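Have a look at the structure below before the remarks.
Because the structure is predicted, anything quoted here is derived from the model rather than measured.
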Amino acid sequence: MLVPGPWLGGSHPRLIGCHPDDLDKAPVLGYATGDGRKDPTVQNLLYSLSALADPLAQRLALATALLHKGRTLDLRAKQARAQLAVRQSPALREQVEKLARLRAELEAAIWSTGVDGSSGGDKLKRLRADVRAAEEQLALAVPSLKTELAHELPPPSQIVERVATALPKDSALIEIVSMRPISVLSAADDTTSIGLAQQYMALLLFPSGKYVAVPLGKTEPVDGNIAELLSLLRNPSSKPQPVAASLYKLVMAPLVPHLSSVQQLFISADGALQLLPWAAMHDGKQYLLHSYRSMVYLTSGRDLLRLGDAPSRSAPLLIGAPDFQHSRELFADDPVSGKTTPLGLYASVQSLAALPGTRREVEQLGAMIPTARVWQDSSASEEGLRQQSAPLLLHIATHGVFLDAGPAQPSVTTDNQRALRPNQPTISMADGGAARLSVVPDPMSMSALLFAGAANAKAGVNPDQDGVLTAQEASLMDLWGTELVVLSACDSARGSLSVGEGVYGLRRAFFIAGAETLVASAWPISDRETVALMQRYYRLLLQGQPRAQAMTAAAREMQRTHSHPYYWAPFSVFGQDTPLRLRELKPTPIAKPPLKRKPVRGRRAS
């Protein structure tokens, strides 16, 4: 059991020998099974137990990670689903509409200022407070919006076995935690382990129930290599192998001895490791792409316990080639709003180039999926998308935007298309994080997908119809029953990091909205080559391959003609990895690839 010990001033627990079932009685675990509030000291203490040679200590650390990581995401998803259920309630309609209006005003205010909100001042503070107050008021009226998750989770004594049972027989879960070690006394010999620097610890779990803790060392060198590698991967003329090999030695080399019989990895990373496409690490002979059948990314190993059993309510939807210059009367009741000059972030999306590859992409995929609806030009609208209810499959091919705490400026791509992108691919934190990297306020408003009319977005335009779908807005959609969302756009997997809570951005938003699986990109992608990659991916999906395995196979095919990971490694698969349940869809033979031409960069960089 866990009892107070004088070794930490009498206020923290000490581990002594006990039966695993006694974990359920450990008061300190209340922080991991209650309402999601964190005590960083207790969290670091429990994770620090993984460094001990005591099996029960390592089990407790793993149970803590499985129960606690991503809890805020789960709670937000549950609240979002409950809120969808009350939208049509006559008694609550006024409160629901008020909250929606305030959220729209906040989005418009953020995009009318800038990334740091420096010009928003008091207005942004007031709107944030108003939104919180409206959310709390609605939660009081709908108890299910405040229902905690504790009663829905397995107890600490069972969580490890439950997750192990959910693992395929030839797979392993890599549960990584970013922690600041705390002095821990071993029950066996009273030795002390002391560390001060933030570190990564990998907790491996296998289908047999076996688990092992593997220290990965300080976060600083790992994070530095990740930032450097991501910068190289964004440039197809770069030479990423040396950095990819250096990162492999830091992250994968310590794990490989434990993965000799493993063919599939489920990766629940933490810190900056959440931004890394692991397939792009290099062991000195080949990329990790060829070492495993598939790599599936999770917020927590607990995600393996989710069942995708909600029914879809509409046909597959493929969206591409939006008419960014499309104009319509979208202005609010402001006599001067239609005459205003776009300011702040709105000004950054005024020069949007057309994306011819996205038209070919959705048309070719539409031919492969007979039941799919294809939206293009003016019909590729934000308003239309937000009105959808759980399409079987949602594919969006457009410009993607991720704006970090650094200044964003328009830049010219190699094919003379103007595209907005951050100056450098920095790593930003939603909460400052342990590394104290750049903090992004309102991180769910800093990622967006652009639709018809986006080039005309400005203050005064109805944010629900301005063509700029932010992550915050996407999280309010109804995708409960959608099997797969593919964001074929630049930087759609990027966002602001929160240690233990994942990436705040589009990838978080679509899971809150209910999607089972998300495919998203880590950097600006090539227009022409992405069309070919997506054709291969869908062909394999429709042949019955699991969702992540199909992407691995498609990437391997792409690598045969395009060796740089810029082309084959941008897309990662998050969430469920089962085959699609689209029984009525039949695969269509893939079209012959066009003659090889000089690659076009900056496909959907915005």
Please list, chain by chain and in numerical order, all residues satisfying side chain to side chain contact (heavy atoms under 4.5 Å, CB included) with [X], sequence neighbours excluded.
X: L304; value: V163, A166, L167, F266, L298
X: T299; value: L73, D303
X: A550; value: Y537, L540, L541, Q545
X: A471; value: M444, S447, L506, A509

query: Considering residues at least two apart in sequence or located in another chain, which fulfil the ring-ring contact (aromatic ring centres under 6.0 Å, His included) criterion with Y287?
result: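 By the ring-ring contact (aromatic ring centres under 6.0 Å, His included) rule, Y287 matches H282, W568.
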Name all residues meeting the side-chain hydrogen bond (donor to acceptor under 3.5 Å, both in side chains) criterion together with [X]; count only those two or more places apart in sequence or in a different chain, and write none if there are none.
X: Y200; answer: D223
X: Q58; answer: none
X: H290; answer: Q559
X: S563; answer: none

Do [X] and [Y] make a side-chain contact, defined as non-hydrogen atoms from C-beta onward lying under 4.5 Å apart?
X: V485; Y: T517; result: no
X: L265; Y: V296; result: no
X: D577; Y: S294; result: yes
X: M295; Y: Q264; result: no
X: N225; Y: L250; result: yes
X: I226; Y: L247; result: yes
X: Y566; Y: S238; result: no
X: V222; Y: L216; result: no

message: Salt bridge check, E557 against R539: does any charged N sit closer than 4.0 Å to a carboxylate O?
response: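 Counted as a salt bridge, because a side-chain N and a carboxylate O are separated by less than 4.0 Å.
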message: Check this for me: does any side-chain nitrogen of one of R234 and D491 sit under 4.0 Å from a carboxylate oxygen of the other?
response: yes
Distance-only criterion, 3.5 Å: show the donor-acceptor pairs between side-chain atoms of residues 205-213 and protein atoms not counting sequence neighbours.
unit_1	atom_1	unit_2	atom_2	d
S208	OG	K210	N	3.3
Y211	OH	P55	O	3.2

message: Determine whether a donor-acceptor pair (N or O, by modelled atom type, separation under 3.5 Å) exists between the side chain of H399 and the backbone of A353.
response: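 Yes; at least one donor-acceptor contact below 3.5 Å.
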message: I'd like to know if the side chain of R507 and the backbone of A493 have a donor-acceptor N/O pair within less than 3.5 Å.
response: yes
field: Partners passing salt bridge (charged side-chain N to carboxylate O under 4.0 Å, His left out) against R547 (at least two apart in sequence or in another chain)
entry: E483, E516
- prompt: Which residue pairs satisfy the side chain to side chain donor-acceptor pair (under 3.5 Å) criterion with at least one member in residues 159-170, sequence neighbours excluded?
  reply: R59-E161, D170-R293
